[in-house]
There are 2 protein chains.
Amino acid sequence: MNRHLQSFPDAAAMGRLSRLASLDADELDALSSAGATRRKTAAHREIMAEGKRAAEPSMVLSGWACRSRIFRDGRRQILSLLLPGDLIGVCEQRNAMAPTAISALTEVVLCAVPRPLPHQHGLIDAYTRSGALDEFYLYRQVARLGRLNAYERIIDFILEIRDRLALVGMGTDDNFPLPLTQETFGDLLGLTSVHVNRTLQRLRRENLLDLRGGVARLKDVEHLMHVVEHRLPNIAVV
Amino acid sequence: MNRHLQSFPDAAAMGRLSRLASLDADELDALSSAGATRRKTAAHREIMAEGKRAAEPSMVLSGWACRSRIFRDGRRQILSLLLPGDLIGVCEQRNAMAPTAISALTEVVLCAVPRPLPHQHGLIDAYTRSGALDEFYLYRQVARLGRLNAYERIIDFILEIRDRLALVGMGTDDNFPLPLTQETFGDLLGLTSVHVNRTLQRLRRENLLDLRGGVARLKDVEHLMHVVEHRLPNIAVV
DNA sequence: CGACAAGTTGATGTTACTCAAAAGTGGTGG
DNA sequence: CCACCACTTTTGAGTAACATCAACTTGTCG
């Protein structure tokens, strides 16, 4: 990873962009100086309200956040997850409204990222690729909720997180952090926490994956990938 | 609607962009000339394969298409619908891969749309807003599949289509085309066609909406909107 | 008229939800 | 160090929503 980025505490998150496109010294400088502006949000707090004017473009430096929709009767659906390195409000037009609320699942630190200048092709490319990944995972979330059962949804989701964390160097092939409660899992996968619990037990019993204490341990990656026809996004990584 | 656009047979679809941002004569000309390039796809045929290099930016002129994912065992999930006026492959980077397959639900006519030049702010704006709408509706599809039951999913979906068709001047407040089979409905809403059928019967019995012969007739828009907490996207329309 | 797709119906099965409570976990303050 | 609290996980029993399977009906078009 680049020197510039390594000098920052949350180098992993910052490094994601340079894995999506090669950035020159100028662009890394822009990232570094914008990255000095930070904002910390406690767990369970809202980071951005739905429909409010979107904030400056920013990036998750650490912690886990989500876009979610909450219904009158209390039902909540988590629409997408935001992991370290993920961007917020980058591709949107000026004065755009946030399409969904964003809230912190754990303590979250955001930093500002620069709006790219016309000549900063690396930065533009990295943002575009990041956006394409967001889109890819959003389509995947739709397929998951629409046509996979609880067992498959959990497997598919875990594999997605594994891939996304790999892009920021968090965790290994079969072992990575997953600091979500079963309740949160339910809201993410359109299930109740009770059913999530039972399905996780089944996966443990089958010795396929063990989710405990905020850490995921995959016991048979090949098999898990086969169950859900796992594919990687078609986005080239540098 | 603008003269330039009216001169074309599928003026409704072309007019969508000029409702999303005001376009100057130069931009309308660009749209007109690009729009001469057309491509017709028969119902049930694939328009674009997943993972193939994406085609030129284009727009649906007429007909209904969808992005979908099909699983080994034949399960199909429709990820999003593409209606007249909707754009395909506009925001993506050069050489980007199509994130999903796209196929025609009815006979579909596409036309090319221009890549905007740096000074064509109206065009850029319109594309950006169109993209923001796509994103908004994709999040909505997630919430629908994750937390609404069959009854609510159908209502929510119908109201979405109503809003989207209104943007291209197709249909009225309570009456618009909906040329999808109950099978397709099922694939879209994560249900079986049998369950869709029974739920549609219930909605007819309750005198809330009547879906028949490819036309949707809403009998009590207020009530329908209340059931699913219907909201419009926060995207300004010119 | 016949063929094929779409819509409808009934009977039955399964997945996942609901409600309720017990057991485990971690943090805090006395 | 322990008692207490809040939160999370786990368990059980009963239920509702939706799926499955199979047949029958209707409509459309050549």
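Quantities reported herein were computed from a predicted structural model and do not represent experimental measurements. Below, chains carry the letters A, B, ... as their sequence lines are ordered, and counting in each starts from 1.
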Gap between atoms CD and P, on A/Glu183 and C/dC17 respectively (whole Å) | 12 Å

Over its full length, what angle do the end axes of the helix from C/dC1-D/dG30 to C/dG30-D/dC1 make, each axis taken from five pairs and the result rounded to 10 degrees?
-> 40°

Rounded to whole Å, CG of B/Leu180 lies from P of C/dA5 at a distance of 18 Å

Between A/Asn197 and A/Thr199, do the side chains contain an N or O donor and an N or O acceptor separated by less than 3.5 Å?
-> no

Rounded to whole angstroms, how far apart are CG on A/Leu200 and P on C/dA16?
-> 13 Å

For atom CD1 of B/Ile154 and atom C1' of D/dC18, their distance in whole Å = 12 Å

Please state how far atom CD in B/Gln182 lies from atom C1' in C/dT8, giving the value in whole angstrom units.
-> 8 Å

By nearest-heavy-atom nucleotide on DNA chain D, the more 5' of A/Ser193 and A/Arg147 is A/Ser193

With sugar-phosphate meaning primed atoms plus P, OP1 and OP2, does B/Gly186 contact a base, only sugar-phosphate, or nothing at under 4.0 Å between heavy atoms?
-> nothing

Presence of salt bridge, A/Arg76 and A/Glu183, under 4.0 angstrom = no

With a 4.5 Å limit on heavy-atom distance, are the side chains of A/Leu81 and A/Arg67 in contact?
-> no

For D/dA17, does either OP1 or OP2 sit under 4.0 Å from a side-chain N or O belonging to B/Arg202?
-> no

Under 3.5 Å donor-acceptor, A/Gln77 side chain and A/Ser68 backbone = no

Measure from NE2 on A/His195 to P on D/dT11 and round the result to the nearest Å.
-> 15 Å

Options C/dC17, D/dT9, C/dT9, nucleotide nearest the side-chain atoms of B/Asn197 = C/dT9

Phosphate OP1/OP2 of D/dT10 contacted by A/Arg204 side-chain N/O (<4.0 Å) | yes

Just checking, is any N or O donor in the side chain of B/Arg16 or B/Ser130 under 3.5 Å from an acceptor N or O on the other one?
-> yes

So what does B/Thr192 touch, heavy atoms closer than 4.0 Å: a base, only the sugar-phosphate, or nothing?
-> base

Just to confirm, is there a sub-4.0 Å distance from OP1 or OP2 of D/dT11 to any side-chain nitrogen or oxygen of A/Gln201?
-> yes

Contact check, side chains of B/Arg204 and B/Arg212, non-hydrogen atoms, under 4.5 Å = yes

Residues A/Glu206 and A/Tyr151: side-chain donor-acceptor under 3.5 angstrom = yes

Which part of the nucleic acid does B/Gly190 contact within heavy-atom distance under 4.0 Å: base, sugar-phosphate only, or nothing?
-> sugar-phosphate

Whole-Å distance separating the CG atom of B/Leu148 from the C1' atom of C/dC17 | 16 Å

Report each atom pair, protein N/O against N/O of nucleotides 19-29 of chain C, whose distance is under 3.5 angstrom.
none

To the nearest Å, how far apart are B/Leu191 CG and C/dT8 P?
-> 16 Å

Short N-O contact, B/Asp156 and B/Arg140, less than 4.0 angstrom = yes

With no hydrogens and no angle check, is any side-chain donor or acceptor of A/Arg153 less than 3.5 Å from a backbone partner on A/Leu148?
-> yes

Check the side chains of B/Gln141 and B/Arg144 for a donor-acceptor pair under 3.5 angstrom, ignoring hydrogens and angles.
-> yes

